[in-house]
J.: 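The structure under discussion is supplied below as structure tokens; questions concerning it will follow.
Counting starts at 1 for both ligands and their atoms, in listed order.
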Amino acid sequence: MILEKNSIKLLQKAIDKLESGFDLPSVDVEFDYEKMERVMMEVADKMQNNYPYFHPLFAGQMLKPPHPIARAAYMLAMWINPNNHAMDGSKASSPMEKEVVTDLAKMFGYKEHLGHLTGGGTMANLEGLWVAGQVHPEKLIIASDQSHYTHERISGVLQLNFEKVKTDQFSRMDLNDLEEKLKNGNVGTVVCTMGTTGTGAVDPLDKLLELQKQYDFRIHADAAYGGYFGLVENLEEATAKKFALLNQVDSIVVDPHKQGLQPYGCGCILFKDPSVAQYYLHDSPYTYYTSDELHLGEISLECSRAGASAVGLWATHQMLPPVKGGQFSKDLTQSRNAALKFHEKLEASDQLFPLMKPETDIVVYAAYGDETQSMSEKANLIFEKAEENSLYLSLYKYPTKLFKNVDFEINTDYLTCLRSCLLKPEHEDWLDEIWKRLEKSF
Ligand SMILES: *Cc1c(COP(=O)(O)O)cnc(C)c1O
């Protein structure tokens, strides 16, 4: 089996069940199924032109296939196509959204929350920073230079002043540089990246919370990629401690479409203080005409949103709840195991070396050499050669100014490295095969 297909039978059965819930006269619309088949075969043909993101030999970019239950439940919802903007357009899927958002808030240890699903991490971060700007209108947003580039761009969109904080050699926020900025007294919000997109490094949230007592600022945690790692059982103690403190930050972004087994179009923003709803509320009587409840559309900047995303995530949470000790947490633990084992192999290799010990499940590694220019070229060659061996890696540029005490010459600003996001639990079993193909690519 390369592509999972058994869930299609379940979907067929569930559509019949769904249909039986509507006591309505039959509608006979004619579709040209022959033409549809021709078009569908053309689509299938076109879609063959993809890297195999779903396969364990795809050990490159941050891509993880949706769980079959997420895919099937999402598709089932498509026969209704609910819009989670207003309750009337999403009678079943809006309550499902509230449930899954509560599950996620609980996972982070929030006692109360305000939140909703979004189209993705970018929109979720936009809402987090928008509220940050409403609370501290004239103040700075700061984030590390390894934070997602979206923060700088969003700050521009929101016309909020933005500054970058330096990072250390582990690509975590540099606390000395941070404190310099805090001393100026104009910092409103610090973005704390809980797992950078590049290397999976986790910013020092414990230290940020200490600094917060002295300098008053909001903390917005960008856990788009790393949000689920608090469930993982084999983190370093220092990393686990940082995740355990997430209940103290003002807002959190997590992307169920990154680690949470969902199709794209599923991010989430959570606020610790539900009263931030005041910034969203508005009067729009023509949209909200029946329900007295707070509609999700009233606490979201996006209007129409796919109810199907909530349905997919709800179904996934029934099977794989985001709780410690459950199957989902075991699967994440396995991904991290894969990263740790990969790291061990790199340490033992005389061709490649790891840049740092993985803090989550991303491994960044480089080719040995005398100077960074040729080392970068070597990484590019390995990347290309690996693809010929059906092993798919990604590239990452590490700022060479962060290197300390290295025995190679630094003659470029960046070192091109190889990067593997080992997000799939299967990666652990496939590690020997991945390594074999990697060695063939030197
Ligand atoms: C992916 C990511 C984003 C952007 O989220 P999208 O879902 O791609 O819009 C923001 N921050 C971090 C840390 C991410 O990993």
J.: For the backbone of Ser171 and the side chain of Asp168, can you confirm whether one donor and one acceptor N or O come within less than 3.5 Å of each other?
T.: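 Yes.
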J.: Sequence neighbours left out, what pairs pass side-chain hydrogen bond (donor to acceptor under 3.5 Å, both in side chains) with at least one residue falling in residues 154-163?
T.: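 Sorted result for residues 154-163: empty, none.
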J.: Hey, is the main chain of Gln169 close enough, under 3.5 Å, to the side chain of Tyr398 for a donor-acceptor pair?
T.: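 Pair found, side chain donor or acceptor close to backbone of Gln169.
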J.: Does Ser309 use its side chain to pair, donor to acceptor, with the backbone of Arg305 at less than 3.5 Å?
T.: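 No; zero donor-acceptor contacts below 3.5 Å.
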J.: Does the side chain of Arg172 come within less than 4.5 Å of Thr167's, by heavy atoms?
T.: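 They are not in side-chain contact.
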J.: Applying side chain to side chain contact (heavy atoms under 4.5 Å, CB included) between Val187 and each of Leu211, Asp216, Ile141, Ile142, report the one that passes.
T.: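 Single pass found, and it is Ile142.
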J.: Given a heavy-atom cut-off of 4.0 Å, could you list the residues near ligand 1 in chain and number order?
T.: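 Under the 4.0 Å cut-off, ligand 1 touches Gly120, Gly121, Thr122, Asn125, His148, Gly195, Thr197, Asp222, Ala224, Tyr225, Asp255, His257, Lys258.
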